[in-house]
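Take a look at the structure below.
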Amino acid sequence: MEDKHMLMIPGPTPVPEKVLLAMSKHPIGHRSSDFSEIIAEITENLKWLHQTQNDVLMLTASGTGAMEAGIINFLSPGESVLVGNNGKFGERWGKICRAFGLKVEEITAEWGKPLDSELFRKKLEADSQKKIKAVIITHSETSTGVINPLETINKYVKDHEKALIIVDAVTSLGAINVPIDDWGLDVVGSGSQKGYMIPPGLGFVCVSKKAWEAYETATLPRFYLDLGAYRKATHKNSSPFTPPVNLMYGLQVALQMMKAEGLEKMFIRHRRLTDAARAGIKALGLSLLADDKTTSTAVTAVMSTGVTAESIRATMKRQFDIVIAGGQDHLKGKIFRIGHLGFVSERDILTVIAALESTLITLGDKRVTPGVGVAAASKILGD
Ligand SMILES: *Cc1c(COP(=O)(O)O)cnc(C)c1O
């Protein structure tokens with residue numbers, strides 16, 4: 001059926017009607033005073049969302065662009081970085097670092113398992129010459145639905161004193177608590193198509209005072225992504241280059257909606273959606289890739305047994321117009337992923353679980369008793 005598309009992937013995520021309508025206006029001049037007022041409001045609210053007094057800068061880029069900016073502005077060629085890699089995104093930050101001639105050491109974990117913070121402690125404690133200039137961590141690893149122990153790893157980075165902590169918070173910002181100032185996170189990157197409830201196209205980088213000090217001496221080449229230019233412009237409620245004006249109309253409204261809900265409530269909602277999804281999936285006899293203690297509350301990765309992940313996705317799409325994500329790299333065909341971050345409600349989770357239940361039955365999974373998935377999910381939501 002036309003216009004009944006339901007997007008349940010970990011980005012792009014659904015967009016509220018109010019935001020869509022806000023974007024359907026004529027663009028205005030990005031150097032106008034009217035637009036400056038919009039930037040001023042957005043900047044203030046972005047600081048609220050990031051729980052910070054640091055600069056939060058907006059780039060016309062996807063999340064990867066935000067992370068690239070967050071890496072190259074604070075480092076010089078040949079410097080050493082320690083990168084956590086337990087999935088597609090952790091792997092990507094290592095690749096960016098190598099592309100820019102940094103010396104990369106990776107701490108890996110099996111896909112589906114969290115990074116081991118002890119390994120970071122040991123590496124950082126052993127670095128008496130303070131060669132490690134940055135530690136790069138993906139907080140919510142979207143490829144596997146695992147949350148990494150950022151708070152603990154960050155404590156070891158703080159004990160090291162010299163290294164910056166650079167965080168991929170692309171699927172945590174707005175969904176999972178990331179108290180940037182309380183924890184003292186130096187660089188935090190995110191992207192509009194995830195928890196922000198707006199379409200793709202904007203990247204965000206939050207930069208601490210310590211990171212700005214590193215910026216002064218960092219010599220990796222930079223131009224479009226030179227964050228100094230964004231800082232200067234943002235302080236004047238402006239932007240260095242033409243920003244996506246209409247996307248920012250949407251962002252203005254999305255941030256107002258987030259403020260109306262409140263941070264605490266947003267995090268609790270994501271927790272409940274996750275718990276309900278997991279309960280429903282388990283009741284259907286499927287296994288989860290991440291365990292209960294280390295699950296991200298933005299995305300749930302499900303292992304398929306018997307019925308293949310790809311046939312589940314195809315049936316969900318064909319019969320119910322629900323789009324869920326597949327696995328990446330070696331997990332392709334082995335898992336499917338349900339995104340439940342941003343503009344997602346309890347009703348959406350019940351819909352997905354009911355459709356999944358029906359899909360499994362259609363595909364001949366004999367173990368499924370009709371109604372068990374929805375019953376288990378409802379029980380969580382009724383509490
Ligand atoms: C989506 C995502 C990104 C950014 O991907 P883009 O396609 O560049 O927006 C980075 N990290 C994580 C964990 C993500 O989920």
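Counting starts at 1 for both ligands and their atoms, in listed order.
Counting the atoms of ligand 1 from 1 in the order shown, those under 4.0 Å from a heavy atom of S140 are 13 (C). Those atoms of ligand 1 that come under 4.0 Å of a heavy atom in W93, given as number and element, are 10 (C), 11 (N). Ligand 1 places these atoms under 4.0 Å from at least one heavy atom of G63: 4 (C), 6 (P), 8 (O), 9 (O).
Between the side chains of W111 and S143, no donor N or O sits under 3.5 Å from an acceptor N or O. A donor-acceptor pair shorter than 3.5 Å can be found between the side chains of H139 and S172. Using modelled atom types, one finds a donor on one side chain and an acceptor on the other under 3.5 Å when comparing R92 with T64. Under 3.5 Å, the side chains of T294 and D291 contain a donor-acceptor pair of N or O atoms.
The distance criterion of under 3.5 Å between nitrogen or oxygen atoms is met by T142 with respect to ligand 1. No N or O atom of T138 sits closer than 3.5 Å to an N or O atom of ligand 1.
Annotation: R347, atom CZ; neighbour count of heavy atoms from other residues, nucleotides and ligands within 6.0 Å does not exceed 12. Within 6.0 Å of the CD atom in Q53, the count of heavy atoms belonging to other residues, nucleotides or ligands does not exceed 12.
Counting heavy atoms closer than 4.0 Å to ligand 1, residue T64 contributes atoms from both its backbone and its side chain. With a 4.0 Å cut-off on non-hydrogen atoms, M67 does not touch ligand 1 at all.
At a 4.0 Å cut-off, not a single heavy atom of E141 sits close enough to ligand 1 to count as contact. Not a single heavy atom of P10 sits less than 4.0 Å from an atom of ligand 1.
Nearest protein heavy-atom neighbour of atom 3 (C) of ligand 1: F89 CE2, 3.4 Å.
A perpendicular orientation is assigned to the rings of F241 and Y230, their planes being inclined by more than 60° (bins at 30° and 60°).
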